[in-house]
J.: 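Here's a structure for you.
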Amino acid sequence: MGKNVALPYLTKKKIFPPPPRCPSLNRYMTEVPTGGPETGKSLSLICGALSWLRDFEEKKQREEARLLAPAESGQEGKKALSPAGPAPPDSRGTAGEPDWVTAFVQKKEERDVVDRLKEEHIRRKKREDRLEKIRHNIQLKYAAKRKRSEEDETKHLLQLSKEVLSEGAGVDVLEQLDHNEEELILAEYESDEEKKVVSGLEEDDDDLEEEHVTKIYYCSRTHSQLSQFVREVQKSPFGKDTRLVSLGSRQNLCVNEEVRRLGALSLINDRCMEMQKNKHEKKSDEESEGKKRRASRTVCPFYSYEQMQFLRDEVLVEVKDIEQLVALGRETKACPYYGSRYAIPAAQLVVLPYQMLLHEPTRSAAGIKLKDQVVIIDEAHNLIDTITCIHSVEVSGSQLCCAHSQLLQYMERYRKRLKAKNLMYIKQILYLLERFVAMLGGNVNQNPSCQAVSQTGTVLKSINDFLFQSQIDNINLFKVMQTSLSARLFGFVERYGGPAAAVKTNKENQKLAGLQNFLLTLQQGSDKEAGAPQIPPMEAENEQLRTASPLMQIEGFLSALTNANQDGRVILSRQGTVGQSSLKFLLLNPAVHFAKVVEECRAVIIAGGTMQPVADFREQLLSCAGVDPARVVEFSCGHVIPPENILPIILCSGPSNQQLEFTYQKRHLPQMMDETGRILCNLCNVVPGGVVCFFPSYEYEKQVYAHWEKTGLLTRLATKKKIFQEPRNANQVEQVLVEYAKCIKRCSQAGGQMTGALLLSVVGGKMSEGINFSDDLGRCVIMVGMPYPNIKSPELQEKMTWLDKTLPRAAGQAPSRVLIENLCMKAVNQSIGRAIRHQKDFASILLLDHRYARPAIFNKLPQWIRERTQVKPAFGSAFAELRKFHRGKSDAL
């Protein structure tokens with residue numbers, strides 16, 4: 001196979017045509033129409049990729065056998081890799097060397113290749129034998145389980161005996177405190193240049209023991225999507241023979257209930273790392289004789305290398321999703337988070353959220369190696385936004401002040417115990433925090449909630465301008481970030497209660513805190529009198545800050561400042577108080593981070609159900625990442641549903657011949673809102689079941705709803721459909737959907753005047769993506785206007801300016817204008833795709849705005865919708881088509 005990789009689609013019942021064959025290192029974008037599992041999108045992707053992987057492995061094994069055969073018969077030199085006949089004795093090689101030297105070098109290279117192949121063969125055979133033994137020998141599992149219970153009992157008895165011995169030991173409390181705090185002292189810092197010997201304790205050497213086999217990394221947005229995908233693999237022909245591992249965050253995989261109870265991901269990460277450090281240091285503590293014994297530190301009982309190795313083998317033997325992996329971890333008393341990582345080298349298919357793959361530090365920490373591997377990024381319609389969000393960081397004034405307070409107290413408490421170099425770095429970080437707060441117009445030594453900002457507003461700066469104006473351009477941010485301060489500070493804050501003012505090291509700080517609290521009380525009193533919103537109490541704010549792990553967030557911001565000047569901007573948002581103000585790094589060029597993925601991989605497949613328009617991927621990601629356009633293959637295929645099962649209509653005017661143009665200036669007019677209501681009243685008379693109507697924003701949906709209520713249109717609508725509104729609170733979405741589904745089911749069974757329900761939703765809201773309105777839940781989807789983004793947003797304006805400077809004009813249009821249209825149409829395509837979810841589903845789609853008929857906009861609809869779309873200038877003909885469509889389908893049912 002070498003460098004010619006093809007990833008064919010395995011079509012099921014000829015649903016999808018095979019895509020073109022693409023050579024190695026190609027970037028491949030594919031669009032498989034959106035829908036539920038029955039559309040076969042995920043199955044088609046993975047079966048094609050696993051078919052290629054199986055063929056690749058078989059060919060590689062045949063090549064190995066061919067090369068090893070002469071070696072086994074003692075003739076490794078005779079069948080050369082590049083056979084050539086013997087040359088005359090005096091002849092010289094291309095480098096001017098005698099032939100015997102060239103022949104010797106060539107023979108040595110061949111021997112090295114054969115030796116390497118032998119090692120790989122032995123390793124692979126050993127792994128396969130081990131997994132086969134586990135697969136068929138049930139007694140091994142019971143033996144391991146029995147051994148675990150015996151070890152637990154032994155540990156319990158040892159613990160009891162230690163407690164008995166420790167009673168009456170009379171250890172000085174003050175001395176014990178000092179030993180306890182030893183772990184909080186920052187270790188001697190060494191930069192990369194200063195490191196002579198690297199300790200093996202902090203490295204996962206075991207991860208490096210096994211070479212990474214050729215594999216496929218499959219990424220999607222959420223854990224639920226990944227679990228659904230794993231179930232598809234389990235049902236596929238490859239389910240029993242594929243070595244699959246599911247990766248996730250500690251929040252999803254941790255089985256230590258004490259740690260899980262912390263809730264926040266940052267707290268879980270910090271506690272887990274602390275427990276690991278304790279485990280590594282426990283041995284050295286036990287071995288050091290003659291020293292006073294330290295108080296026992298908490299170690300994770302699930303972080304057992306032997307048990308994690310056992311869990312790794314169990315994972316590789318049988319395909320498991322995240323839930324099954326967690327259940328196995330609890331049963332085997334092994335950590336699924338680290339056990340799954342141990343399984344990566346031998347796995348053929350690695351399933352992970354794409355945040356884990358796209359963020360280089362996370363990728364590196366997880367042991368993911370992309371060199372010559374295949375990456376499939378599914379649900380990639382918002383890939384650019386995801387990369388931008390992952391690498392954009394925001395810190396508030398409250399977090400900056402909180403981190404400064406905690407770090408200052410840490411330094412004062414341990415000043416005499418810290419090395420000079422560490423003390424210098426801590427002082428540098430304190431200075432950075434002071435300057436950041438000063439940039440927001442505040443003083444780091446005062447309560448951020450009491451400091452009013454004199455000049456409010458938003459200011460954008462280049463990275464270099466921000467560094468110069470904040471007077472930190474002379475500090476080496478790379479070295480500052482390499483200190484492990486956030487973990488130590490977490491332990492320090494947790495021990496002493498957490499809030500910013502938890503530990504008072506001198507009387508001045510106490511007086512200052514008292515004055516600040518008094519001023520805060522006065523401020524709250526005046527606000528009450530004036531009827532202004534009350535400032536939240538200091539305790540609540542501190543609790544929020546504690547769970548946010550401020551220094552870790554600030555480290556992320558410092559890391560972002562090391563990006564190239566042209567690739568990002570710093571946004572200073574100055575609000576009412578310093579605490580409410582914030583600094584945000586905005587990544588403008590996501591390609592700089594995606595380029596590293598593209599460069600290493602054998603092939604990258606960017607796939608999704610609604611990838612149109614694809615220009616953003618091609619220009620902002622691939623072109624800016626330096627990919628040759630000739631190496632990009634695009635492929636889009638039709639939907640599984642027959643053409644007669646969908647009726648998309650672009651409606652240019654309403655029942656009273658009012659032209660439909662929902663621009664920001666016109667959509668608030670009463671006649672526009674009245675016309676929208678009349679259209680819905682007519683549709684609800686002919687459409688059975690559920691109707692989902694999408695509005696551009698929550699504010700506009702609320703305004704239209706209030707207007708209909710005032711004019712009586714809402715009462716007319718309610719005679720045919722029960723009306724539901726999408727809630728802003730994510731916790732209430734599930735309840736609304738359940739009630740909506742129940743109402744439709746009840747109406748279809750009972751009959752009568754009420755024919756179903758009408759759901760008023762918002763583009764970009766909770767129900768415009770990832771929700772299935774299949775069958776009667778969505779017989780008609782209506783899009784009111786065009787959901788253009790807010791062009792007054794500073795972030796969007798900066799992105800538009802950057803694109804105009806970076807990319808050439810396309811078809812006479814400025815890149816910024818193309819971006820606005822693409823963002824709008826991506827949101828539209830996601831929303832209207834909610835209705836058709838399987839092969840026998842049917843629905844009508846109504847786009848209410850004459851601008852959809854413009855060629856530039858029309859061509860950005862998905863191909864399977866575009867081919868069947870009718871443009872209707874008048875409402876009468878559109879209504880006739882809709883009535884005919886739904887009556888025909890109702891009769892067929």
Side-chain angles (χ1 to χ4, degrees), residues 201-223 225-227 229-230 243-256 259 265-266 268-277 280 300 302-303 305 308-309 311-313 315-316 320-322 325-326 328-329 334-378 386-387 389-391 484 486-487 552 555-556 559 593-594 596-601 604:
L201 276 176
E202 295 300 321
E203 291 188 7
D204 288 327
D205 292 329
D206 299 297
D207 275 1
L208 307 176
E209 281 181 6
E210 199 168 358
E211 193 171 335
H212 285 239
V213 301
T214 302
K215 58 174 61 60
I216 296 159
Y217 286 99
Y218 176 90
C219 320
S220 194
R221 285 188 313 117
T222 62
H223 285 289
Q225 287 171 340
L226 293 172
S227 292
F229 171 77
V230 172
R243 298 191 301 275
L244 180 148
V245 58
S246 296
L247 300 182
S249 64
R250 287 182 175 91
Q251 203 167 24
N252 293 98
L253 291 175
C254 181
V255 290
N256 187 328
V259 178
L265 179 60
S266 57
I268 291 173
N269 286 339
D270 284 342
R271 177 61 63 81
C272 179
M273 297 300 290
E274 185 187 1
M275 284 180 159
Q276 275 186 69
K277 181 177 68 67
H280 286 314
C300 183
F302 297 91
Y303 192 73
Y305 177 71
M308 288 190 292
Q309 292 290 90
L311 183 134
R312 175 202 67 183
D313 293 342
V315 166
L316 293 172
K320 291 177 177 64
D321 62 18
I322 291 281
L325 183 59
V326 169
L328 180 66
C335 176
Y337 179 74
Y338 285 102
S340 58
R341 290 182 175 202
Y342 285 137
I344 293 174
Q348 295 168 307
L349 178 59
V350 179
V351 177
L352 69 166
Y354 57 49
Q355 290 87 338
M356 188 177 279
L357 182 111
L358 298 171
H359 189 240
E360 191 178 16
T362 307
R363 190 166 71 232
S364 176
I368 295 167
K369 296 181 181 178
L370 298 180
K371 183 68 177 171
D372 291 334
Q373 308 294 16
V374 175
V375 167
I376 299 175
I377 303 175
D378 200 2
T386 300
I387 298 173
C389 288
I390 289 171
H391 298 93
S484 56
S486 59
M552 188 171 287
E555 283 176 354
S559 175
H593 297 284
F594 193 64
K596 295 170 185 176
V597 176
V598 170
E599 285 162 9
E600 291 185 1
C601 292
V604 177

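Along the sequence shown, residues carry numbers from 1.
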J.: If I take atom SG from residue C272 and atom OH from residue Y303, how far apart are they, to the nearest 0.5 angstrom?
T.: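 So the gap between those two atoms works out to 8.0 Å.
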J.: Are D372 and T214 close enough that some pair of their side-chain heavy atoms sits under 4.5 Å apart?
T.: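 D372 does not reach T214 side chain to side chain.
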J.: Would you compute the distance between atom CG of L370 and atom SG of C601 and round it to the nearest 0.5 angstrom?
T.: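 L370 CG to C601 SG: 4.5 Å, rounded to 0.5 Å.
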J.: Going by heavy atoms in the side chains, are P353 and L226 under 4.5 Å from each other?
T.: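 Side-chain contact under 4.5 Å: yes.
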J.: Considering non-hydrogen atoms only, spot the tightest contact between L316 and A343 and give its length.
T.: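 Closest pair (atom of L316, atom of A343, distance): CD2-O, 3.7 Å.
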J.: Could you tell me which non-hydrogen atom of V213 sits nearest to which non-hydrogen atom of A347, and how far apart they are?
T.: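 Taking every non-hydrogen atom into account, CG2-O, 3.3 Å.
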J.: Look up atom CG in L357 and atom SG in C219, then write down how far apart they are to the nearest 0.5 Å.
T.: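 So the CG of L357 and the SG of C219 are separated by 4.0 Å.
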J.: Could you pull out all residues at least two apart from S559 that satisfy side-chain hydrogen bond (donor to acceptor under 3.5 Å, both in side chains)?
T.: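 Not a single residue meets the side-chain hydrogen bond (donor to acceptor under 3.5 Å, both in side chains) criterion with S559.
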J.: Aromatic contact between Y305 and Y342, with the criterion being ring centroids under 6.0 Å apart: yes or no?
T.: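 Yes, close enough.
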J.: Residues in side-chain hydrogen bond (donor to acceptor under 3.5 Å, both in side chains) with S220, at least two apart?
T.: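 side-chain hydrogen bond (donor to acceptor under 3.5 Å, both in side chains) list for S220, sorted by chain: Q225.
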J.: Treating S246 as the side-chain partner and K320 as the backbone partner, does any N or O pair qualify as donor plus acceptor under 3.5 Å?
T.: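 Side chain of S246 to backbone of K320: a pair is present.
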J.: Taking all heavy atoms of G329 and all of P336, pick out the closest pair and write down the distance.
T.: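 Here G329 and P336 meet closest at CA-CG, 3.9 Å.
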J.: List for me each residue that meets side-chain hydrogen bond (donor to acceptor under 3.5 Å, both in side chains) alongside Q251, sequence neighbours excluded, and say none if there are none.
T.: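 In terms of side-chain hydrogen bond (donor to acceptor under 3.5 Å, both in side chains), with neighbours along the sequence ignored, Q251 is linked to no residue.
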J.: Given the rule in the side-chain contact (heavy atoms from CB on, under 4.5 Å) test, do L325 and L311 qualify, once you have shown the distances and angles that lead to the verdict?
T.: CA-CA 9 Å; L325 183 59; L311 183 134; 4.1 Å; yes
J.: Looking at NE2 of H593 and NE2 of H359, how far apart are the two atoms once the value is rounded to the nearest 0.5 Å?
T.: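 Going from the NE2 atom of H593 to the NE2 atom of H359 covers 8.0 Å.
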J.: Hey, what do you get for NE2 (H223) to CG (N252), rounding to the nearest 0.5 Å?
T.: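 Output value for this atom pair is 3.5 Å.
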J.: Considering only heavy atoms from C-beta outward, does the side chain of I390 approach that of T362 to under 4.5 Å?
T.: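 I390 does not reach T362 side chain to side chain.
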J.: Hey, what do you get for CZ (R341) to CG (L247), rounding to the nearest 0.5 Å?
T.: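 These two atoms lie 7.5 Å from each other.
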J.: Taking only residues two or more places apart in sequence or in another chain, which ones pass side chain to side chain contact (heavy atoms under 4.5 Å, CB included) with D321?
T.: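 Side chain to side chain contact (heavy atoms under 4.5 Å, CB included) check on D321 returns S227, V230, R231, E323, Q324.
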J.: Answer yes if the side chains of R312 and Y338 hold a donor-acceptor pair under 3.5 Å, and no otherwise.
T.: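 Looking only at side-chain atoms, Y338 and R312 do not form any donor-acceptor pair under 3.5 Å.
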J.: Sort and list the pairs that fulfil salt bridge (charged side-chain N to carboxylate O under 4.0 Å, His left out) and have at least one residue in residues 359-368, not counting sequence neighbours.
T.: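 Residue pairs passing salt bridge (charged side-chain N to carboxylate O under 4.0 Å, His left out), neighbours aside: E360-K596.
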J.: Do I377 and F594 make a side-chain contact, defined as non-hydrogen atoms from C-beta onward lying under 4.5 Å apart?
T.: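 Of all side-chain heavy-atom pairs linking F594 with I377, at least one is under 4.5 Å.
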J.: Give the minimum heavy-atom separation between S340 and L253, together with the two atoms involved.
T.: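 That closest heavy-atom pairing would be OG-CD1, 4.1 Å.
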J.: If you define the side chain from C-beta out and look only at heavy atoms, does anything of L349 sit under 4.5 Å from F229?
T.: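 Sidechains of F229 and L349: in contact.
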J.: Hey, does the side chain of K215 reach the backbone of P345 with a donor-acceptor pair shorter than 3.5 angstrom?
T.: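 Present.
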J.: Can you sort out the partners of Y218 under side-chain hydrogen bond (donor to acceptor under 3.5 Å, both in side chains), two or more places apart, ordered by chain and number?
T.: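 Result, side-chain hydrogen bond (donor to acceptor under 3.5 Å, both in side chains) vs Y218: D378.
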J.: Quick one: does V604's side chain get under 4.5 Å of Y217's, heavy atoms only?
T.: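 In short, these two side chains do not touch, never coming nearer than 4.5 Å.
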J.: Please give me the minimum heavy-atom distance between R250 and I268, naming the atom from each residue.
T.: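 Looks like CB-CG2, 3.7 Å.
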J.: Within the structure provided, determine whether M275 and V259 are in side-chain contact (heavy-atom separation under 4.5 Å).
T.: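 Of all side-chain heavy-atom pairs linking V259 with M275, at least one is under 4.5 Å.
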